[in-house]
Amino acid sequence: MMETRIVKAEQGLDEAVSIIKSGGLVVFPTETVYGLGADALNPQAVKAIFEAKGRPQDNPLIVHISDVEQVGEIAVDVPHVFYELAKKFMPGALTVVLPKSDKIPDVVTAGGNTVAVRMPDNVVARELIARSSPLAAPSANRSKHVSPTTAQHVYDDLCGRVPLILDGGPCGVGIESTVLDLTCDCPTILRPGAVTPAMLAEVLGEVLENGKVIKIAKSPGMKYEHYAPVVTTVAAQSVQSAVECYDRAVREGKHPALVFRDIYRDVTQDRDIVSLGVTVDDYMRNIYAALRRAEKDFDFIIVEMMDGDGIAKSVMNRVMKAAGGKTV
Ligand code: TXA
Ligand code: MG
């Protein structure tokens, strides 16, 4: 088995550049989740991503760039509105789907004629890209597991499968980027994220004013992404129903955990809690780490559901996948 090393991002940068240039894999930090990167222009290197993750070949990858102008290498017929979006959200948690250039191998796009492009908001990630190549990169988890937000999460999933993990500390955003398709008649959100429909509407406002709607549809990969902990997980519609479910589980001999924010301590009291922090942003940043901790220490997970639009809704999209749609 291959040795896997975790190295501080700045210190590992030179080695990462040479691994990518020689067709290998490197895990790198981004503001959303950790990415498993390979040279996007090298089909053999990209194939290795699918093998390391156990990812189905028909699920396309995002190409990460270090500079807005680099989009010209990756995509063709880039619409003006892309640059408008870039001004506001790049670098950042927005991925945009565009018509693909011939330079991008089919294995990156799963044979499709579009390509997803993102500029990560992480200096080391961008430096790695600038010094090597645009990077094709999915989240650095084993296929179907929870996305990683620390280097240790990546190590837990991919030890022996990648040579180098660049450690940039915990991810600040905590869920994967918003995926926006600009190749349809109306800009379409394929995956909700921290860049919300309302934020996009500020840039695409014209489109909305003309009576067109930003649609929420499913991206091809969504059917594969369960974001699921390895133990049974349910989403709780209220703190009361969570506590009832918890107490019932204890009576049945289970060892449950409440994955909740601290604002409910009055009700949750001395039951086992994996804290999501206090605010909605805390919840988003902490959710994946909390699910991973809970699956290690407990055999049943009860997760807080949040009301509301925007970020809360994006986070609930992931939580409902983790719970396989089960609510209490
Ligand atoms: O935040 C993120 O986006 C992270 C970091 C590492 O950048 N990456 C990530 O990649 O979440 P991945 O592969 O786990 O998810 C990419 C999503 C999938 O749902 C995939 O189907 C969709 O983007 N996607 C990729 N290329 C596409 C394309 N050409 N058209 C439509 N959807 C695409
Ligand atoms: Mg993923």
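First listed ligand is number 1; within each ligand, the first listed atom is number 1.
Nearest-residue assignment for atom 24 (N) of ligand 1 (options P60, C171, P56; heavy-atom criterion): P60. The heavy atom nearest to atom 1 (O) of ligand 1, considering only V117, T32, V96, is found in T32.
The closest side-chain heavy-atom distance from S177 to L94 is not below 4.5 Å.
Under 4.0 Å is where a charged nitrogen must lie from a carboxylate oxygen, and between E15 and R5 at least one such pair does. The pair E252-K254 meets the salt-bridge criterion, with a side-chain N (NZ, NE, NH1 or NH2) lying under 4.0 Å from an Asp/Glu carboxylate O. Using a 4.0 Å cut-off between charged nitrogen and carboxylate oxygen, D156 and K296 count as a salt-bridge pair. Comment: D247 engages R271 in a salt bridge, judged by a side-chain N to carboxylate O separation of less than 4.0 angstrom.
Close N/O approach between Y34 and ligand 1 is not found [any backbone or side-chain N/O within under 3.5 Å]. Among the atoms of K53, none of the N or O lies under 3.5 angstrom from an N or O of ligand 1.
Which parts of ligand 1 touch A116 is read off a 4.0 Å heavy-atom cut-off, strictly below it: atoms 25 (C), 26 (N), 27 (C), 29 (N). Remark: ligand 1 atoms within the under-4.0 Å shell around heavy atoms of L190 are 31 (C), 32 (N). Heavy-atom contacts of I62 reach the following atoms of ligand 1: 3 (O), 8 (N), 9 (C), 10 (O), 16 (C) (cutoff under 4.0 Å). Each of the atoms 1 (O), 2 (C), 3 (O) of ligand 1 lies under 4.0 Å from some heavy atom of S177. Atoms of ligand 1 found under 4.0 Å from any heavy atom of S139 (numbered from 1 in listed order, with element): 8 (N), 9 (C), 10 (O), 12 (P), 14 (O). Contact atoms of ligand 1 toward V33: 4 (C), 6 (C) (distance under 4.0 Å to a heavy atom of the residue). Which parts of ligand 1 touch H64 is read off a 4.0 Å heavy-atom cut-off, strictly below it: atoms 5 (C), 6 (C), 7 (O). For ligand 1 and N59, the ligand atoms under 4.0 Å from any heavy atom of the residue are 18 (C), 20 (C), 21 (O).
Although no hydrogens or angles enter the test, the distance criterion places no donor-acceptor pair under 3.5 Å between the side chain of T233 and the main chain of P229.
The closest side-chain donor-acceptor pair between R318 and S147, if any, does not fall under 3.5 angstrom. Side-chain contact check for R191 and T95: no donor-acceptor pair (N or O, by modelled atom type) lies under 3.5 Å.
With a heavy-atom cut-off of 4.0 Å, K100 does not touch ligand 1 at all. At a 4.0 Å heavy-atom cut-off, ligand 1 touches R55 through the side chain alone. Proximity of T109 to ligand 1, defined as any heavy-atom pair under 4.0 Å, is not found for any part of the residue. Under 4.0 Å from ligand 1, not a single heavy atom of D181 appears.
Residue contact annotation: N141 places no N/O/S atom under 2.8 Å from the Mg ion (ligand 2).
Hydrophobic clustering, with ILVMFWY side chains joined whenever heavy atoms are under 4.5 angstrom apart, groups V274 together with Y288.
Ring pair H255/F298 is tilted by interplanar angle, where 30° to 60° counts as tilted.
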